[in-house]
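Read the structure below first, then the notes.
If you're wondering where the values come from, they're calculated on a predicted model, not measured in any experiment.
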Amino acid sequence: MKKALVCGLVVATLSPFASAAQKLTLMLDWYVNPDHAPIMVAQQTGAFKAQGLDVTIIPPSDPALPPRLVAAGKVDLAVTYQPQLHFFADQGLPLVRVGTLIDSPLNTLITLDKSVHSPADLQGKTVGYSVSGIEQATLAAMLQHDQRQLSDVKLVNVNFQLTSALLTGKVDAVIGGYRNIEALEVKLQGKDPVVFNVEDYGVPAYDELILVANRDSLNKPAIKKFLIALKQGNDYLQAHPEESWRAFAKLHPELNTGLNRQAWVKTLPLFARDPARLDRQRYRQYETFLFNHGLIKKITPVNDYVVEIQ
């Protein structure tokens with residue numbers, strides 16, 4: 001996740017019988033934030049301990065590290081992104097999707113220009129982005145959906161300063177802003193953004209945040225137990241969103257901000273109700289999308305990098 005939020009190491013509270021618990025290490029994709037709510041609630045409510053797990057949750061020092069540490073056998077599970085998983089599969093890394101945290105894209109195209117009613121209206125305008133390749137392909141698909149080409153807009157790399165670039169008028173629109181973060185940031189600045197969800201304009205729907213394991217560890221009972229506890233955490237979160245937020249904010253007072261409070265609520269309907277459930281067709285379609293845009297070298301069989309743990 002491209003959001004600069006303060007974090008801390010979170011370690012599961014040990015019970016008197018913790019010595020008998022199965023240890024499992026989970027590395028997040030970024031600093032602790034509302035996107036991780038089901039994980040944090042599963043920990044807060046003791047769902048992991050009830051499954052006999054001793055879970056250590058670690059924010060990364062470098063967001064690029066978590067999947068590679070899993071591939072190297074240094075970490076049991078990592079939170080990452082479905083688009084990234086396809087790149088890892090193309091590189092031959094032994095990573096397999098075992099669960100889903102957020103089963104909806106968060107990526108959006110955002111503008112403050114009220115004359116823009118669809119991506120087609122960006123013709124001749126400047127669009128800011130942060131990540132080369134994937135965001136350009138996403139914007140290209142959205143423009144093609146509206147009978148426009150990527151060459152019809154001017155692209156500017158704003159170096160992860162999407163919100164400020166938009167608010168200061170450096171660009172007319174930005175691609176890559178999250179609907180549960182940047183869109184809210186802009187509103188908190190008193191603006192009324194026009195937001196286009198990527199999946200509504202020719203981009204295949206995908207799972208934004210997923211859990212990956214090493215292919216050699218798929219038979220470990222701890223992974224299934226983790227997914228059971230994660231579902232219980234999300235069930236509790238959905239039934240008690242306000243109570244869960246208060247507990248989260250108490251544990252992480254540095255995150256008790258208006259933006260994070262709104263993001264907590266905004267993200268609630270986006271969490272996977274059953275983290276273990278797998279839609280293989282969704283992965284096939286996105287694999288094809290990346291291949292057609294030249295972002296991966298080959299089509300990798302979906303069963304090589306996804307699994308549904310029963």
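Remark: E243 engages Y236 in a side chain to side chain donor-acceptor pair (under 3.5 Å) (not counting sequence neighbours). F196 meets the ring pair (Phe, Tyr, Trp, His ring centres under 6.0 Å) test with Y201; sequence neighbours excluded. Considering only residues two or more places apart in sequence or on other chains, T257 meets the side chain to side chain donor-acceptor pair (under 3.5 Å) condition with N260. Qualifying side chain to side chain donor-acceptor pair (under 3.5 Å) partners for T108, counting only residues two or more places apart in sequence or in other chains: none. Every residue was checked against the ring pair (Phe, Tyr, Trp, His ring centres under 6.0 Å) condition with F88, not counting sequence neighbours, and none meets it. Take Y129 and apply the ring pair (Phe, Tyr, Trp, His ring centres under 6.0 Å) test, not counting sequence neighbours, and it matches no residue.
Taking 4.5 Å as the limit, every side-chain heavy atom of V153 sits out of range of all side-chain heavy atoms of Q123. Within the 4.5 Å cutoff, side-chain heavy atoms of L150 are placed close to those of L139. Contact annotation: the side chain of T300 never approaches that of Y283 to less than 4.5 Å [non-hydrogen atoms, C-beta and beyond]. Residues D274 and K231 have side chains in contact (heavy-atom distance under 4.5 Å, counting atoms from C-beta outward). T56 is not listed as a side-chain neighbour of K23, based on a closest heavy-atom distance of 4.5 Å or more. Two residues are said to be in side-chain contact when any heavy atoms from C-beta on lie closer than 4.5 Å; L77 and T25 fail this criterion. Proximity of L290 to F87: side-chain heavy atoms (C-beta onward) are separated by under 4.5 Å at one or more points. L237 places none of its side-chain heavy atoms less than 4.5 Å from the side chain of M40.
In this model, a donor atom of one side chain and an acceptor atom of the other lie less than 3.5 Å apart for H36 and D29. Side chains of R97 and T100: a donor on one and an acceptor on the other come within 3.5 Å. The closest side-chain donor-acceptor pair between D113 and T111, if any, does not fall under 3.5 angstrom. Defined by atom type and a distance below 3.5 Å, a donor-acceptor pair is missing between the side-chain atoms of T163 and E182. Under the 3.5 Å distance criterion, with hydrogens and angles disregarded, no donor-acceptor pair is assigned to the side chains of Y206 and D103. A side-chain N or O of S118 and one of D146 form a donor-acceptor pair less than 3.5 Å apart. With 3.5 Å as the limit, one finds a donor-acceptor pair spanning the side chains of N180 and D35.
For the pair S164 (side chain) and Q161 (backbone), a donor-acceptor distance under 3.5 Å is present. In terms of modelled atom types and a separation under 3.5 Å, the side chain of E135 and the main chain of S130 share a donor-acceptor contact. Under the 3.5 Å distance criterion, the side-chain polar atoms of H293 are matched with a main-chain donor or acceptor of F289. Although no hydrogens or angles enter the test, the distance criterion places no donor-acceptor pair under 3.5 Å between the side chain of Q51 and the main chain of A229. Formation of a donor-acceptor pair under 3.5 Å by the N214 side chain with backbone atoms of V70 is found in this model. Checking side-chain atoms of D304 against main-chain N and O of V302 turns up no donor-acceptor pair under 3.5 Å. K225 places no side-chain N or O within 3.5 Å of a backbone atom of F48 that could act as its donor or acceptor partner.
Grouping the Ile, Leu, Val, Met, Phe, Trp and Tyr side chains by contacts below 4.5 angstrom, directly or via other members, places L218 with L26. With hydrophobic clusters built from ILVMFWY side chains whose heavy atoms lie under 4.5 angstrom apart, I309 does not share a cluster with I228.
Taking CD of Q84 as the start and CG of L93 as the end, the distance is 11.0 Å to the nearest 0.5 Å. The distance from atom CG of L227 to atom CG of L211, rounded to the nearest 0.5 Å, is 6.5 Å. Here the CG atom belonging to N256 is positioned 11.5 Å from the CZ atom belonging to R246, to the nearest 0.5 angstrom.
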*Are K297 and F291 close enough, and set up right, to give a side-chain contact (heavy atoms from CB on, under 4.5 Å), and what steps lead you there?*
CA-CA 7 Å; K297 297 176 182 178; F291 180 76; over 6 Å; no

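Here D207 pairs with R282 in a salt bridge; the nearest charged N to carboxylate O distance falls below 4.0 Å. For the pair E199 and R179, the salt-bridge criterion is met [side-chain N within less than 4.0 Å of a carboxylate O]. With salt bridges taken as basic N to acidic carboxylate O contacts below 4.0 Å, one links D192 and K114.
Here the closest non-hydrogen pair linking L230 and A42 is CA-CB, 4.4 Å. In plain terms, the two heavy atoms of V41 and G233 that are nearest each other are CG1-O, 3.4 Å.
Atom NZ of K298 has more than 12 heavy atoms from other residues, nucleotides or ligands within 6.0 Å.
Aromatic rings from H86 and Y305 are positioned such that their centres are separated by under 6.0 Å.
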